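Heads up, the thing below is written out as structure tokens.
All values below were derived from every heavy atom in this structure, side-chain atoms included, with hydrogens, water molecules and symmetry-related copies excluded. Note that the structure is predicted; figures quoted are calculated from it, not measured. Just so we're on the same page: letters track the sequence lines, and every chain starts at 1.
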Protein chains: 2
Amino acid sequence: MQLEEGKEKFIQAWGTLGSSWGINRTMAQVHALLLISPTSLSTEDVMQELSVSRGNANMNLRALMDWGLISKELRPGERKEYFVAEKDMWKVAKQVIRERRKRELEPMLRILEELKQVEGKKGDRDAEAFTQAINNLHDLSTKADKTLNTMLRADEHWFLSSFMKLMR
Amino acid sequence: MQLEEGKEKFIQAWGTLGSSWGINRTMAQVHALLLISPTSLSTEDVMQELSVSRGNANMNLRALMDWGLISKELRPGERKEYFVAEKDMWKVAKQVIRERRKRELEPMLRILEELKQVEGKKGDRDAEAFTQAINNLHDLSTKADKTLNTMLRADEHWFLSSFMKLMR
DNA sequence: TAAAACTTTCAATAAGTATTGAAAGTATAA
DNA sequence: TTATACTTTCAATACTTATTGAAAGTTTTA
């Protein structure tokens, strides 16, 4: 396969994967583009490469900054802003985990804690099933939260070798 | 908080969480409804409780079956089909991991393998950055795949206690 | 201070996804 | 076999989310 075809394919695939993870397609494509780019790119470059409007490029570049997946790079003597992606995939994965934990897991934990306070007549099957489900879910979520937290503190070597060895 | 309000809140929250994970809101809500129901429910029950159409209820119940998160329950002497959700949250989590691994991680691995074959002139920075990114990603994905595979074989006790102890 | 070079916003619109409901399909019972 | 009790399908439609592009905003340079 030729390089251009490969790039195209990768950008497409990353965009599709993003969609099934609740990430807007263009955002994932911009990320893919920057991941495989040896140099930093401007908004114009992104518009050009992906054939998207200025507004769209701008909005998704900002979103990627919010997620901590890319950063601005200022070239001396130039006014335009350029963007680079973090290239270390383990760092990328950790950052995504960190953000989703903050944006989804933690709010869900707060809701589950609130729902543990639900009152139901003792002996009511509905109330018992509810309490049971909420408690189990809260328990699992708490454990997942702690596990993720630990993973995030671990470095790649630890995660990928010691941990792997232990697991097999 | 009263039981009814709690149920409502949980169904809403689960639906919202689903959306940010690429899962259709109604599907997540049907799942939530069954998770907190002490008895199995029919399509009619689901339509009633969530105020959705027959078509919608049917389609999402099927999708949940495809994901292996709920199953049919036939009541002796009744023609109608009833559905129950797996209540063990660890099993639920494992099943979701299993499915997403199959539906997303594995296809992505196949694509990355294909993209490792991309030809680029030696010394071309673009080609080198591309190859580098693909290789790193393939490497991380393979490791994640193996780790998930191992996790799926582990039982709850192992995962949540031995593993947790080791991690801290 | 004004013009130029850029970035951001946002209302309009397009594109994508989910939902409805009635009709068609299927299986059981009479 | 026909009627009944369900389940499934799917074209039309509603709803949600993403995208555009022009205008407004901001910063730098002359």
Could you check whether the rings of B:Phe130 and A:Phe10 sit parallel, tilted or perpendicular, using 30° and 60° as the cut-offs?
-> perpendicular
Assign B:Arg62 to base, sugar-phosphate, or nothing according to its heavy-atom contacts below 4.0 angstrom with the strands shown.
-> sugar-phosphate
Produce the list of close N/O pairs, under 3.5 Å, pairing protein atoms with atoms of nucleotides 3-5 of chain D; give distances to one decimal.
from  : atom 1 : to      : atom 2 : distance (Å)
D:dA5 : O4'    : B:Arg79 : NH1    : 3.4
D:dA5 : N3     : B:Arg79 : NH2    : 3.0

Measure across A:Val52 and A:Val46 and return the closest heavy-atom pair with its distance rounded to 0.1 Å.
-> CG2-O, 4.4 Å
Quickly work out the A:Ile23 CD1 to D:dT17 P distance and round it to whole Å.
-> 15 Å
Just how far, in rounded Å, is C1' of D:dT28 from CG of A:Leu74?
-> 13 Å
Would you mind telling me which residue lines up with the more 5' stretch of DNA chain D, B:Glu44 or B:Ser19, judged by nearest nucleotide?
-> B:Glu44
Indicate whether the side chain of A:Asp45 and that of A:Ser42 have a donor and an acceptor atom separated by less than 3.5 Å.
-> yes
Rounded distance in Å - CE (A:Met59) to C1' (D:dT17) | 11 Å
Considering heavy-atom distances to DNA chain C, does B:Met27 or A:Asn58 have its closest nucleotide positioned more toward the 5' end?
-> A:Asn58
5'-most to 3'-most nt of DNA chain C touching chain B (<4.0 Å, heavy-atom partner on protein side) reads C:dA18 to C:dT28
Should A:Leu50 and A:Met65 be regarded as members of a common hydrophobic cluster, given that ILVMFWY residues are connected when their side-chain heavy atoms come within less than 4.5 Å of each other, either directly or indirectly?
-> yes
Would you name the heavy atoms of B:Lys87 and B:Leu35 that are closest together and state the gap between them?
-> CE-O, 3.2 Å
Return the value, rounded to whole Å, for the distance between atom CD of A:Glu81 and atom C1' of D:dT28.
-> 13 Å
Candidate list B:Glu99, B:Glu106, B:Arg100, test side chain to side chain contact (heavy atoms under 4.5 Å, CB included), partner B:Arg103, passing option | B:Glu99
Which pairs pass side chain to side chain donor-acceptor pair (under 3.5 Å) with one or both residues in residues 52-68 of chain B, sequence neighbours excluded?
-> B:Asn24-B:Asn60, B:Glu44-B:Arg54, B:Asn56-B:Asn60
Starting at atom CG of B:Asn24, determine the distance to atom P of D:dC15, rounded to an integer number of angstrom.
-> 16 Å
Could you verify whether a donor N or O on one side chain and an acceptor N or O on the other, from A:Arg75 and A:Ser40, lie under 3.5 Å apart?
-> yes
Phosphate oxygens OP1/OP2 of D:dC6: is one of them under 4.0 Å from a side-chain N or O of B:Thr43?
-> no
Note: B:Lys7-B:Glu4 ion pair, threshold 4.0 Å (strictly below) | yes
